[in-house]
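Here's the structure we're looking at; comments come further down.
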Amino acid sequence: MHWAAALRIAFSGTPPTMLNHQSLWSLDGLTRGDLLTLIGSARQFQRAAAQAGSPPTPLRGKNLALLSDDHASAEATAFLRAATELGAQVARVRATEPGDAGRRDPRDMAGLLGQLYDAIECQGLGEGELRELERDAGVPVFNGMASPSHPLHAIATLMALQEQQGEQPLPARGAARQVAGLLGLPLDEIAGAAPTPPSEEAVARHTHHLLQAALSCTLA
């Protein structure tokens, strides 16, 4: 298949399907089908945002918890905006007790959080704490979905590069290159001058809609 055709297929959008939330914990857990589902759903949210009228609210009636010690951070703000635009109610929950030097043991909160909320977004927790929390809460647990280290950021970077490059081979690096490889997209050679990175605004825009895609495809 010609590489330009591969680009059009990979980024044209596919019907959303349900995703396992655990597949979002790392790029190693994502398949090509998962990536196409996320990108296709994000494209649908982008188109809806550009049109007049009421945006879709597939998470209306869902109650989410944002477990963090800094609910004013950029990551927390991005998650809150993405979730509330989808109709979800988001409760801000501290990861540590006020005035305490130590972090709460997630296992102490898990049962209550699992009873009160449909899913939990954790920011600043380690993988071991995440796994224990999910095991004991019995609801989906997300791991800093708006963080620059999250797989969604790598996918957003690749989408922004595709916008920037058009049908040229993608000068993706790092995690974005891994995403491109999973999608089977044409890549430029590593040697040579460093490519012009996509704008932070473009990456943030794609991250926002990928957040919404991830939430809707795992919770709706």
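Sequence positions, counted from 1, serve as the residue numbers for this chain. Because only heavy atoms are used, hydrogens play no part in the values below, and waters and symmetry mates are left out as well, while side chains stay in.
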Do [X] and [Y] make a side-chain contact, defined as non-hydrogen atoms from C-beta onward lying under 4.5 Å apart?
{"X": "Glu134", "Y": "Arg131", "value": "no"}
{"X": "Pro151", "Y": "Leu27", "value": "yes"}
{"X": "Arg43", "Y": "Met159", "value": "yes"}
{"X": "Thr218", "Y": "Asn20", "value": "no"}
{"X": "Leu80", "Y": "Arg92", "value": "yes"}
{"X": "Glu163", "Y": "His206", "value": "yes"}
{"X": "Leu158", "Y": "Ile155", "value": "no"}
{"X": "Ile120", "Y": "Phe142", "value": "no"}

Looking at [X] and [Y], what are the two nearest heavy atoms and their distance?
{"X": "Leu133", "Y": "Cys122", "answer": "CD2-SG, 3.4 Å"}
{"X": "Ala146", "Y": "Phe79", "answer": "CB-N, 4.4 Å"}
{"X": "Ala214", "Y": "Leu152", "answer": "CB-CD1, 4.1 Å"}
{"X": "Ala42", "Y": "Ala213", "answer": "N-CB, 3.6 Å"}
{"X": "Glu121", "Y": "Asn143", "answer": "OE1-N, 3.9 Å"}
{"X": "Ala220", "Y": "Leu59", "answer": "N-CD2, 3.9 Å"}

Sub-3.5 Å donor-acceptor pair from the side chain of [X] to the main-chain atoms of [Y], do we have one?
{"X": "Thr57", "Y": "Arg60", "answer": "no"}
{"X": "Gln115", "Y": "Leu112", "answer": "no"}
{"X": "Arg177", "Y": "Ala172", "answer": "yes"}
{"X": "His153", "Y": "Ala175", "answer": "no"}
{"X": "Trp25", "Y": "Val141", "answer": "yes"}
{"X": "Asp118", "Y": "Asn63", "answer": "yes"}
{"X": "His71", "Y": "Val93", "answer": "yes"}

In this structure, would Leu211 and Val203 fall into the same cluster of hydrophobic residues linked by side-chain contacts under 4.5 Å?
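No, Leu211 and Val203 fall in different hydrophobic clusters.
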Starting from the C-alpha separation in whole Å, work towards a yes-or-no answer on side chain to side chain contact (heavy atoms under 4.5 Å, CB included) for Glu85 and His208.
CA-CA 10 Å; Glu85 283 185 5; His208 174 68; 2.9 Å; yes
Using the rule given for side chain to side chain contact (heavy atoms under 4.5 Å, CB included), can you reason through Ser216 versus Phe45, listing the C-alpha separation, both sets of side-chain angles and the distance that settles it, and then say yes or no?
CA-CA 10 Å; Ser216 64; Phe45 282 113; 3.4 Å; yes
Between CE of Met145 and CG of Leu66, what distance do you get to the nearest 0.5 Å?
11.5 Å
From OG (Ser41) to CG (Leu215), nearest 0.5 Å:
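It is 10.0 Å, given to the nearest 0.5 Å.
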Go through Thr31 and Leu35 one step at a time and tell me if the side chain to side chain contact (heavy atoms under 4.5 Å, CB included) criterion holds.
CA-CA 6 Å; Thr31 66; Leu35 290 170; over 6 Å; no
Are Glu200 and Arg205 within salt-bridge range, i.e. N to O under 4.0 Å?
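The answer is no: the pair does not qualify as a salt bridge.
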Consider only side-chain N and O atoms of Gln164 and Gln162, and report whether a donor and an acceptor are under 3.5 Å apart.
no
From CA spacing to verdict: side chain to side chain contact (heavy atoms under 4.5 Å, CB included), Leu64, Leu219
CA-CA 10 Å; Leu64 311 183; Leu219 300 178; 3.8 Å; yes
